[in-house]
Amino acid sequence: MKNIDIQAKEKALDLLRDKSDTKLITHMNACVRCGLCADSCMYYLTFKEAKYIPAAKVAAVSSLYRRYCTFAGKVAPSLVNAKELNEEYAAEMVDLLFGSCTVCGRCVKHCSIGVDIAYVVKKGREMLATMDMVPATLQATVDAAINTGNNMAIPVEEFTDTIKWLEGDLIDEMENPEARIPLDEYDKELFYTLNPREPKFFPLSISAMAKVFYAAKASWTLSTKYYDVTNYGFFNSNTAEATQIAKNLYDEVHKLRGKKLILGECGHGSRANRWEGPNYLKKSYDFETLTAVELIGDYIRKGTITLDKSLNNEVFTIHDPCNLVRNGGMFKEIRFVVNSAVENLVEMNPYGNDNYCCGGGGGMLAMSEYNEGRLKTGKIKADQILATGAKVVITPCHNCVDQLLQLNHTYKMGVKIVTIAEIVADAIVKNNKNKTI
Amino acid sequence: MNWYIIAALAALLICIISFAFQFFNLIKAGAPRDLSEKSGDLSGAILYSYTKAMMPKHKESAYLHMPTYAAGLIYHMGTFLSLALFVALLIFRFAGVEIPGIISLSIAVLLIITSLSGFGILLKRIVKKDLRYLSGPDDYISNLLTTMIQLLSALYLLFPATEPVYFVFAALLFLWMPVGKTKHVLYFFSARYHLGYFYGWRGTWPE
Ligand code: SF4
Ligand code: SF4
């Protein structure tokens, strides 16, 4: 068991003592432990153990708040469920807050009071980060992003080679040398970003988006150094590291003088840059930040690209990434784009803002020590998918794609997993000519 | 004035001051600050958070647990009725106003029903393993005091001789309210506000 340094412990507790955070004060005091959130959490539904009830995760943090930040907790701790922060307690917090919660926020929407459980879990993670207790695997992912510019530590040369190879293929396919994948170009309208899983494992999703850009005649570029849309600092909750990662991207957009930052298909990456980024950097962004889904939606609405949905004629379903939909407001936009690109969409039950997490969120995919639990909780999603009868699952998040691929294998679902760019690229027709590109 | 009435009034004063202090702290901390570009209808979402989002069909905590939800609703109505009754009874007592028998009886019956809901919820907490896991002394004390005040209010209306017990329990409840989880009477409103703000800023709510 890791020894906790006294100073680190005090710094962690100071996070709870912040009297200027009205949200913190509120959610530390609001839970009534009615337990009615239990059935909203995939961990409880899967394991049926009380420790997985969302309220237990809230209690892991709020018990410390009561102990160190309230009069009653200092005078009569056992009376008000106040707990002492020690090595053993902190170790339990790691398993509970990192290993048993994807910060999906499903319980938040369904809580009888309105406690932001996910926010409390993140606060607990932040405390653990302050005490240097982030699971090593997750920390390694954050370190890679800080040290190399991307979370998979892909060297610039390797990335450049992959993109050049994809560009060559695109030029051949389009039979047009203007079908490019620009790198490090200045003054472009769109500064596009990727999840490093794309160049590493799913290069065809880069080609798909490049096709969309080509059809839209977009002015765009990728950076060779800072193209990574992800920010695992959001998950390890080390604010300094999350800020550094967000700043790298912000500075790169400025360096290349991009007009709009386009967030590639990544749920948490979109959230970390669109919603959290300005708060990390403590300033409003001076460029527009859009998700790829919104950009594509805009292209469709304006007629910049034309889609023929009969080209996507299988049965499709959507997996809603928690950070884009419930925590990002993209429910309708995703439906608009998908319904413009496919003929036959069957929704899961539940879906949209009520969706279940795929099980890979919250940094879970990076934490191999929790693989078993991740695949077990993912069964809920696998069952949901199978119940739709769909042959293709669309999801605008490469993290979700990765988890869904593993669920596909584990539960023998026999489905195809695609991103939104891929289905849109497959449905694009050349304007005024009924010919696919 | 009897000692138990003085005790109850003193406890009420402490309760009000303590809640005022907590409320002041919330206000002093200020509204949430978000530097990202707002994308939704913030005031619509905050309103939605207090209204439609609270409807049973929008929350699993309600529609998956209808008996508990209904019991909770009745129980909370009983709590508010008891608190209002405390003030009314004091005023009537000092003004020498008699509550007509039929009204006393009706309110007493109502409060007996609401307190039964409270006992039901307490029983559920004691019997269910998962709820026991979540619970500590605060959970039992909070429930017991809130349930008892409803029952004792009813008894006091029916049998005025129970007056000392009623006021002693009222005093205990007032002292406990700002300390135990009963303080959610304040933080519930603040939590709904923050939830509406969070979802509204991002365009998730109103649905
Ligand atoms: S539903 Fe909300 S208030 Fe009830 S136990 Fe869960 S987090 Fe706490
Ligand atoms: S945020 Fe998601 S995983 Fe975490 S407790 Fe809530 S429902 Fe469960």
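The figures that follow rest on heavy atoms only: side chains count, while hydrogens, waters and symmetry mates do not.
One N or O on the side chain of B:Thr204 and one on the backbone of A:Arg326 form a donor-acceptor pair closer than 3.5 Å. At distances below 3.5 Å, at least one donor-acceptor pair connects side-chain atoms of B:Ser61 with backbone N or O atoms of A:His110.
Using a 4.5 Å cut-off between heavy atoms, A:Cys111 touches chain B through its backbone atoms (N, CA, C, O) alone. At a 4.5 Å heavy-atom cutoff, the contact between B:Trp201 and chain A is made by backbone and side-chain atoms alike. Neither the backbone nor the side chain of A:Arg66 has a heavy atom closer than 4.5 Å to any heavy atom of chain B. B:Tyr63 touches chain A through its side chain: at least one heavy atom from C-beta onward sits under 4.5 Å away, while N, CA, C and O do not. Interface residue B:Arg33: backbone and side-chain heavy atoms are both found under 4.5 Å from chain A. At a 4.5 Å heavy-atom cutoff, the contact between B:Leu64 and chain A is made by side-chain atoms alone. Contacts of B:Thr68 with chain A are made by side-chain atoms alone, with heavy-atom separations under 4.5 Å and no backbone atom involved. Only the side chain of A:Tyr44 comes within less than 4.5 Å of a heavy atom in chain B; its backbone stays farther off. When heavy atoms are compared at a cutoff of 4.5 Å, B:Leu131 approaches chain A solely by way of its side chain, counted from C-beta outward. Within the 4.5 angstrom heavy-atom criterion, no atom of B:Ala53 approaches chain A. For chain A, no part of B:Lys28 is nearby; none of its heavy atoms comes within less than 4.5 Å. With a threshold of 4.5 angstrom between heavy atoms, A:Leu79 approaches chain B through its backbone and through its side chain. Neither the backbone nor the side chain of B:Leu186 comes within contact range of chain A; no heavy atoms are under 4.5 Å apart. For A:Val108, the parts sitting under 4.5 Å from any heavy atom of chain B are the backbone and the side chain alike. Proximity to chain A involves both the backbone and the side chain of B:Leu35, based on heavy atoms less than 4.5 angstrom apart. For A:Ser78, the part lying near chain B is the backbone, with the side chain staying farther off; criterion is any non-hydrogen pair under 4.5 Å. Looking at A:Lys51, the atoms closer than 4.5 Å to chain B (heavy atoms on both sides) sit in the backbone and in the side chain alike. If you measure heavy-atom distances from B:Glu207 to chain A, the contacts under 4.5 Å come from the side chain alone. Of the atoms belonging to B:Phe198, it is side-chain heavy atoms, and not backbone ones, that fall under 4.5 Å from chain A. Residue contact with chain A, scored on non-hydrogen atoms closer than 4.5 Å, involves the side chain of B:Tyr199 exclusively.
Note that CZ of B:Phe188 is 8.5 Å distant from OG of A:Ser112, once rounded to the nearest 0.5 Å. Atom CG of B:Asn25 and atom CG of A:Asn29 lie 10.0 Å apart (nearest 0.5 Å). A distance of 8.5 Å separates OG in B:Ser39 from CE in A:Met330, rounded to the nearest 0.5 Å.
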* Asked: Could you go step by step and tell me if B:Asp138 and A:Arg33 meet the salt bridge (Lys or Arg N to Asp or Glu O under 4.0 Å) rule?
  -> CA-CA 10 Å; B:Asp138 176 19; A:Arg33 296 178 287 281; 3.0 Å; yes

* Take A:His27 and B:Ser190, measure what side-chain hydrogen bond (donor to acceptor under 3.5 Å, both in side chains) needs, and give me the verdict at the end. => CA-CA 9 Å; A:His27 295 302; B:Ser190 173; over 6 Å; no

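Of all the listed residues (B:Lys128, B:Lys124, B:Met54, B:Arg192), the one sharing the greatest number of non-hydrogen pairs under 4.5 Å with chain A is B:Arg192. Your options are B:Ile141, B:Ile27, B:Leu195, B:Asp139, and the one with the most heavy-atom pairs under 4.5 Å with chain A is B:Asp139. Of the listed residues (A:Ala30, A:Gly329, A:Gly352), the one with the most heavy-atom contacts under 4.5 Å to chain B is A:Gly329.
The shortest side-chain heavy-atom distance between A:Ile25 and B:Tyr187 falls under the 4.5 Å cut-off. Residues A:Ile113 and B:His184 have side chains in contact (heavy-atom distance under 4.5 Å, counting atoms from C-beta outward). Residues B:Arg202 and A:Asn327 meet the side-chain proximity criterion, which asks for heavy atoms closer than 4.5 Å. Residues A:Lys109 and B:Trp205 have side chains in contact (heavy-atom distance under 4.5 Å, counting atoms from C-beta outward). Contact annotation: the side chain of A:Glu276 never approaches that of B:Ser36 to less than 4.5 Å [non-hydrogen atoms, C-beta and beyond]. No side-chain heavy atom of B:Lys59 sits under 4.5 Å from any side-chain heavy atom of A:Leu36.
The minimum heavy-atom distance linking A:Lys19 with B:Ala29 is given by the pair O-CB, 3.5 Å. Taking every heavy atom of both residues into account, B:Tyr133 and A:Ala56 meet most closely at CE2-CB, 4.2 Å. Of all non-hydrogen atoms in B:Glu37 and A:Trp275, the two that sit nearest each other are O-CZ3, 3.4 Å. Considering all non-hydrogen atoms of both residues, B:Arg125 and A:Val32 come closest at NH2-O, 3.5 Å. Taking both residues in full, the closest heavy atoms of B:Glu60 and A:Arg106 are given as OE2-NH2, 2.6 Å, listed atom of the first, atom of the second, then distance. Summarising the geometry of B:Trp176 relative to A:Val80, their closest heavy-atom pair is CH2-CG1, 4.1 Å, with the distance given to 0.1 Å.
More than 12 heavy atoms of other shown residues, nucleotides or ligands fall within 6.0 angstrom of atom CZ in A:Phe287. Counting heavy atoms of neighbouring residues, nucleotides and ligands inside a 6.0 Å radius, atom CZ of A:Phe71 does not exceed 12 of them. Residue B:Tyr140 places its OH atom among more than 12 non-hydrogen atoms of other residues, nucleotides or ligands, all under 6.0 Å distant.
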